[in-house]
Amino acid sequence: MQPDEMSASSMFDVVKNGKIGTAMDGFSYLLNDQEITAVVKFVMSEFIEKKQTNTYYHIEENGWGGHERYAAAFPFALGEISLDTPWNLLTEEQSIGKRLFMSACVTCHDRAHVDKKEIKWRSRSVSYPRGKYSHKEDPVDAISGASPFSAHDRSPLISGLTKKESQGQKLFIENCAFCHGGDGKGANWIGSFLESRPRDLTSDGIKSVSDLVLLNMIRGGVPNTTMPAWKSVLTDEQIEALTAYIRRAFH
Ligand code: HEC
Ligand code: HEC
């Protein structure tokens, strides 16, 4: 069903009770009918009727009046021009934009598009160094080291994964890392905001359970939390591959 064909009452039903056969869980445990009605009303009016980009961030109310004056930096914020495009390939306007981006935007837009992942375009910190940033590292990881969260987004580098494990790795990155972090610890950006927090998959508690128990944890999810029941989304074979990867990568 297209969103604009959706009536307020069917949306109410999905938000309240979830949708069987998908990862959409019901919210009746968290929100009362009045609150669900308010959410549905907002979604209908904001996204379906007014078609507003209400998530637009750089607006007057957020302290970004006249954001258009930074237009030269937009292509870098939007990933249209790679940040590691050599200076000599940039027009004058684009060079101004890149300089502006590096000085005023990169602190928040710190995951700008790059062509060559392995090349760090600067060896000094471009934003305030936080977390475990170290000036002594060689080469200095000035980009991901600048955010305490993004370190957790990186998956461990493991060589010699079996076919099953690498299938699991791909599934993990696509479906689980968003909440549990690439390193499985749940200490990534999104994970830190979830209540309850995503389980630390490297913990002894998870390490000590049998494969079958782990498999069933993933199949069944955890009711009344954001942990979905994956049996509705992934096949048993895929969940087995995930289990194999979790064992190999985190245990
Ligand atoms: C304080 C954090 C912060 C800073 C600094 C910042 N941005 Fe953003 N920017 C955001 C957020 C948050 C969004 C919305 C992201 C989303 O919706 O996915 C955004 C979105 C954008 C977008 C997409 C359109 C939009 O508004 O949703 C553009 C273009 C953009 N920023 C350009 C810039 C430029 C150019 C600079 C530097 C002059 C900059 N930003 C600095 C946080 C920031
Ligand atoms: C939307 C966020 C989210 C996603 C996506 C997600 N999880 Fe979770 N997961 C959680 C949360 C939150 C918990 C902790 C729930 C609780 O309070 O016990 C959890 C718990 C778990 C547990 C422990 C379950 C238990 O019974 O104790 C395992 C194992 C797990 N997740 C594996 C996975 C795997 C594998 C995937 C990907 C297929 C995944 N998770 C995707 C949020 C998520």
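Along the sequence shown, residues carry numbers from 1.
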Enquirer: Mind checking whether F74 and H109 have ring centres under 6.0 Å apart?
Expert: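 No.
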Enquirer: Any ring pair (Phe, Tyr, Trp, His ring centres under 6.0 Å) involving residues 204-227? Give me the pairs, sequence neighbours left out, ordered by first then second residue.
Expert: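 Checked against ring pair (Phe, Tyr, Trp, His ring centres under 6.0 Å) - neighbours excluded - no pair reaches residues 204-227.
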Enquirer: Considering non-hydrogen atoms only, spot the tightest contact between A73 and G97 and give its length.
Expert: CB-O, 3.6 Å
Enquirer: With side chain to side chain contact (heavy atoms under 4.5 Å, CB included) as the test, would you mind laying out the steps for W230 and L171 before giving the verdict?
Expert: CA-CA 12 Å; W230 290 95; L171 287 164; over 6 Å; no
Enquirer: Can you name the closest pair of heavy atoms from P198 and C179 and give their distance?
Expert: CG-O, 3.2 Å
Enquirer: Taking side chain as C-beta onward, heavy atoms only, is L89 less than 4.5 Å from Q94?
Expert: no
Enquirer: Using modelled atom types only, decide if a donor and an acceptor are shared between the side chain of D84 and the backbone of D115 within a distance under 3.5 Å.
Expert: yes
Enquirer: Does anything in residues 172-182 pair up under salt bridge (Lys or Arg N to Asp or Glu O under 4.0 Å), and if so which pairs, sequence neighbours excluded?
Expert: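 Listed by first then second residue: K170-E174.
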Enquirer: So F193 and W189, would you call those rings parallel, tilted or perpendicular, with 30° and 60° as cut-offs?
Expert: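 Plane angle over 60°, so perpendicular.
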Enquirer: On the 0 to 90° scale, with breaks at 30° and 60°, tag the H67-H58 ring pair as parallel, tilted or perpendicular.
Expert: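 Judged by the thresholds at 30° and 60°, the geometry between H67 and H58 is parallel.
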Enquirer: Hey, does the side chain of N188 reach the backbone of F178 with a donor-acceptor pair shorter than 3.5 angstrom?
Expert: yes
Enquirer: What's the verdict on side chain to side chain contact (heavy atoms under 4.5 Å, CB included) for W87 and R99, showing C-alpha distance, side-chain angles and the deciding distance?
Expert: CA-CA 10 Å; W87 289 99; R99 260 180 234 114; 4.0 Å; yes
Enquirer: Restricting to pairs with a member in residues 209-230, which pass salt bridge (Lys or Arg N to Asp or Glu O under 4.0 Å), not counting sequence neighbours?
Expert: D211-R247, R219-D236
Enquirer: List the residues meeting salt bridge (charged side-chain N to carboxylate O under 4.0 Å, His left out) with R199, not counting sequence neighbours, and say none if there are none.
Expert: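 So R199 forms no salt bridge (charged side-chain N to carboxylate O under 4.0 Å, His left out) with any residue.
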Enquirer: Provide the closest heavy-atom pair for A8 versus V40 in the form atom of the first, atom of the second, distance.
Expert: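 Shortest heavy-atom separation between A8 and V40 comes out as O-CG1, 3.7 Å.
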Enquirer: Mind listing the closest non-hydrogen atom pair of S82 and H113 along with its distance?
Expert: OG-CD2, 2.9 Å
Enquirer: Can you tell me how far CD1 of I239 sits from CD1 of I218, rounded to the nearest 0.5 angstrom?
Expert: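 Answer rounded to 0.5 Å: 7.0 Å.
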Enquirer: Is the number of heavy atoms from other residues, nucleotides or ligands within 6.0 Å of CD1 (I20) greater than 12?
Expert: no
Enquirer: Specify the closest pair of heavy atoms between A187 and R197, including all atoms of both residues, with the distance to one decimal.
Expert: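 Residues A187 and R197, closest heavy atoms: CA-NH2, 4.0 Å.
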Enquirer: Do T85 and K98 pass the side chain to side chain contact (heavy atoms under 4.5 Å, CB included) test, and can you show the C-alpha distance, the side-chain angles, and the key distance before you say yes or no?
Expert: CA-CA 10 Å; T85 307; K98 179 168 164 175; 5.9 Å; no
Enquirer: According to the salt bridge (Lys or Arg N to Asp or Glu O under 4.0 Å) rule, which pairs have a member within residues 31-45, sequence neighbours left out?
Expert: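 Qualifying pairs: K16-D33.
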Enquirer: With a 3.5 Å distance limit and no angle check, can you tell me whether H152 reaches the backbone of H180 through a side-chain donor-acceptor pair?
Expert: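 Judged by distance alone, no pair lies under 3.5 Å.
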Enquirer: First locate atom CE of M11, then atom OG1 of T37, and finally report the distance between them rounded to the nearest 0.5 Å.
Expert: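 Between atom CE of M11 and atom OG1 of T37 there are 12.0 Å.
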Enquirer: Do you know which two heavy atoms are closest between G168 and L242, and how far apart they sit?
Expert: O-CD2, 3.6 Å
Enquirer: Apply side chain to side chain contact (heavy atoms under 4.5 Å, CB included) to Y245 and F250, showing your working.
Expert: CA-CA 8 Å; Y245 173 69; F250 306 136; 4.3 Å; yes
Enquirer: Verify the neighbour count for atom CD of E195: are there more than 12 heavy atoms of other residues, nucleotides or ligands below 6.0 Å?
Expert: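 Check fails, neighbour count at 12 or below.
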Enquirer: Side chains of D183 and T202: does their closest heavy-atom pair fall under 4.5 Å?
Expert: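 D183 vs T202: side chains apart.
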Enquirer: Would you please name every residue forming a salt bridge (charged side-chain N to carboxylate O under 4.0 Å, His left out) with D200, sequence neighbours left out?
Expert: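 Counting only residues at least two positions away or on another chain, D200 forms no salt bridge (charged side-chain N to carboxylate O under 4.0 Å, His left out).
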